[in-house]
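A quick write-up on the structure given underneath.
Per chain, numbering begins at 1; letters A, B, ... match sequence-line order.
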Amino acid sequence: MNPETQILAGLNGKQIEAVKTIDGPVLVISGPGSGKTRCLTHRIAYLISSGVRPENILAVTFTNKAAGEIKERIAALLENSPSSHRSSGRFAATPQIGTFHSVCARILRREIERIGYSRNFTILDEGDQASLIKKIMASFEVDTKRYNPRSIRSRISKLKTELVPAESYTGSDFYSKLVAQVYRTYQENLKKMNALDFDDLIGLTVRIFKSNPETLAKYHNLWHYILVDEYQDTSHDQYVLVSLLAQKTKNLFCIGDDAQSIYMFREADIRNILNFEKDYPDAKIVMLEQNYRSTKTILAAADEIIANNKMQMPKELWTENNTGEKIIVKETLNERDEANFIVYTIEELAAKGRKIADFVVLYRTHAQSRAIEEALIKRGFPYQIIGGIKFYERREIKDILSYLRLINNPSDIISFSRAVNIPTRGIGDKTVEKISFANKPGHSLIETADSLTETLSSDTKQKRGLAAFSKLIAALSEKAKKEKLTALIKSVIDQTNYEDYLKTIYAPSRDEFETADERIENLKELLTVAKKYDATKEDGLASFLEEITLLQNIEKLRDGNERITLMTVHSSKGLEFPVVFIAGMEEGLFPHNRTLFEPKELEEERRLCYVAVTRAKEQLIVTYSKYRRIFGTMEANLPSRFIGEIPTHLVRWEAGKDYEDEDVVEY
DNA sequence: CTGTCGTTTATTTTT
DNA sequence: TAAACGACAG
């Protein structure tokens, strides 16, 4: 078999069409379970086998996970097909595969000096962003009670996504004027501390490309073939970025599913995918409509649900799979009842031979997980919850990282203010503010702190603390130049006596959520990541920090063994499970209350429901509860309209069995 | 500067 | 309900 036929083997006609149309714009609409990743990876392999040099290919995804998966699968594909190219002497180059943010960060490390930042810039996460915005609001004496910093943050983010620069936005009404003012100061602050937020990664890249045609040309010459995954989730700035990059060759391949766009609230703009044909009139459109995942019943139900949406591309999903079981719908009395029903059903199905890992419980909001967890614990089932607390958001991780970030970027006031008082050195907001105020652009905060130390007359706690901190940072900075990351991180932990510090905070005084020991464990996890980094990458601290910041969750599964999975519907996108439970299918919860008055948002909820339903391979079980405790008060709910949208002949109503707790349930 | 206590406010979240 | 925040006293 020649490499080409080998790469195309096992693909259906549509998939082959999508893979083989290598020149010009291509849009692939891939229904759930239609082999999207397959199509994408085979296309990349096909490009390479037909003579395209790997380094001329750029593939952009939204998540690190997706990028990793694509890399792996391409490696496997090329392994199996010893194409003349790979073996022809040149050291195997690889295509550039990464998230929007990491690709842009890479570009910016090379190009950002053109717009007055330095290349060791810090990347702020959302928490840093929020606290900075809040501080700015406070400095304007804006009542942060009245004007929620979070919503200001999201307004600013929205503006940035729309590529509206701070300088040119003024705002019309009172609120947007406030937004404009905060936005401007915020941006000045970022510049001063040589920091970028997530939006800047995209926005500044676009700005450089627009203002420096020769820079853009460089990347045109590099990337001849561009592939974009999950195109329905691109925001305006990402859309512009892609358009710029693809401008020259127009070899743009976008794949996605408008029906699975569930991130509108994160500025995803569904119009990008709906207007592709307008943007590229000669585009080839391929519909992947054969589903390899679900039973006919599940697919039909999903199809009927989504048919209630107005905004969508028409498609005909079909499958050769069996009809399978009917969809089970169960009404329960309250959330504990619901949880018990789920657990008993799992028990029943497991007794019939289902593996524990076959089950997933999906819910609209994290808050729903607790009742289910409790029921699972009571019956002794192992489970894992996906999502929730992100690794890098953990206090202990942020603490240690703040030292590393400060060493990497001496202007990073956010990291400075965190590190300087960990462990407590008697230095609080007031002192930090003074230093921040006195600090001149281009000077390190430590220098400024040193001069402040000298002005302090008496030998106070502050004076000693500040001096000690300065000395520590100096020593660590030296270390950073010579030593590996793991050694550096260990030094930070040792020299700050961090473990002791943790133990004093989390002394068994009160029943803390997490003990000091658990937090120390997390630090070990950080060291593990650093170790991997030491072994494979030779570039330094800056790129490690970048990777950590852009890497939300650290893969902590490692035991792919028998566990029931619990997660929100959002985090289930792209996954599949033999048996899917959707819990809390109630009006007000799913669809969520806040979406009920905005048709666009209601349609997004419906797409979310569509995503949930199509995760199921063999069996779907939907539950809703008449009563549910929400924020402490008991509320009565009606079954979700989405249940009513499933044709009745596909449904079996589970009745009779009572799953109430033995304890008294009060209302 | 730090810890405590009442008050407030609750989606989803790839980076 | 519960966690997160801000005001206030030490």
ask   = Is B:dT12 in the syn range, within 90° of 0, or in the anti range?
value = anti
inquiry  = With the criterion set at under 5.5 Å between ring centres and under 30 degrees between planes, would B:dT12 be stacked on A:Phe265?
reply    = yes
Stacked pair A:His592-B:dT11, distance under 5.5 Å, angle under 30° = yes
message = Ignoring hydrogens and geometry beyond distance, is a side-chain donor-acceptor pair present between A:Asn120 and A:Asn194 at under 3.5 Å?
response = yes
key: Between A:Glu338 and A:Ser625, a side-chain donor and acceptor under 3.5 Å   = no
query = Taking OH from A:Tyr231 and C1' from B:dT14, how many angstroms apart are they, rounded to a whole number?
reply = 17 Å
request  = Please list residues of residues 235-243 of chain A whose heavy atoms come under 4.0 Å from any atom in DNA chain B, ordered by number; otherwise none.
outcome  = none
Is the ring pair [X]/[Y] parallel, tilted or perpendicular, if the boundaries are 30 and 60 degrees?
X: A:Phe198; Y: A:His101; value: perpendicular
X: A:Tyr263; Y: A:His570; value: tilted
X: A:Tyr147; Y: A:Tyr175; value: tilted

Among [options], which is the nearest nucleotide to the side chain of [X]?
X: A:Asn421; options: B:dT14, B:dT2, B:dT12; result: B:dT2
X: A:Arg594; options: B:dT11, B:dT14, B:dT12; result: B:dT11
X: A:Arg370; options: C:dA3, B:dT13, C:dG6; result: C:dA3
X: A:Thr424; options: B:dT12, B:dT2, B:dT13; result: B:dT2

How would you label the contact of [X] with the nucleic acid (heavy atoms, under 4.0 Å): base, sugar-phosphate, or nothing?
X: A:Lys430; answer: sugar-phosphate
X: A:Ile427; answer: sugar-phosphate
X: A:Glu230; answer: nothing
X: A:Asn593; answer: nothing
X: A:Phe100; answer: nothing
X: A:Ser571; answer: sugar-phosphate
X: A:Asp429; answer: sugar-phosphate
X: A:Thr549; answer: nothing

ask   = Salt bridge or not for A:Lys398 and A:Asp125, using N-O below 4.0 Å?
value = yes
inquiry  = Using only modelled atom types and a 3.5 angstrom limit, is any donor from either the side chain of A:Arg364 or the base of B:dT12 paired with an acceptor on the other?
reply    = yes
task = Drop me the distance from A:Leu40's CG to A:Glu69's CD, to the nearest 0.5 angstrom.
result = 10.0 Å
inquiry  = Give me the distance, rounded to whole Å, that separates C:dC5 from B:dT12 when you measure between the P atoms they each carry.
reply    = 16 Å
ask   = Start at the 5' end of DNA chain B and walk down; is the nucleotide closest to A:Val432 or to A:Glu601 reached first?
value = A:Val432
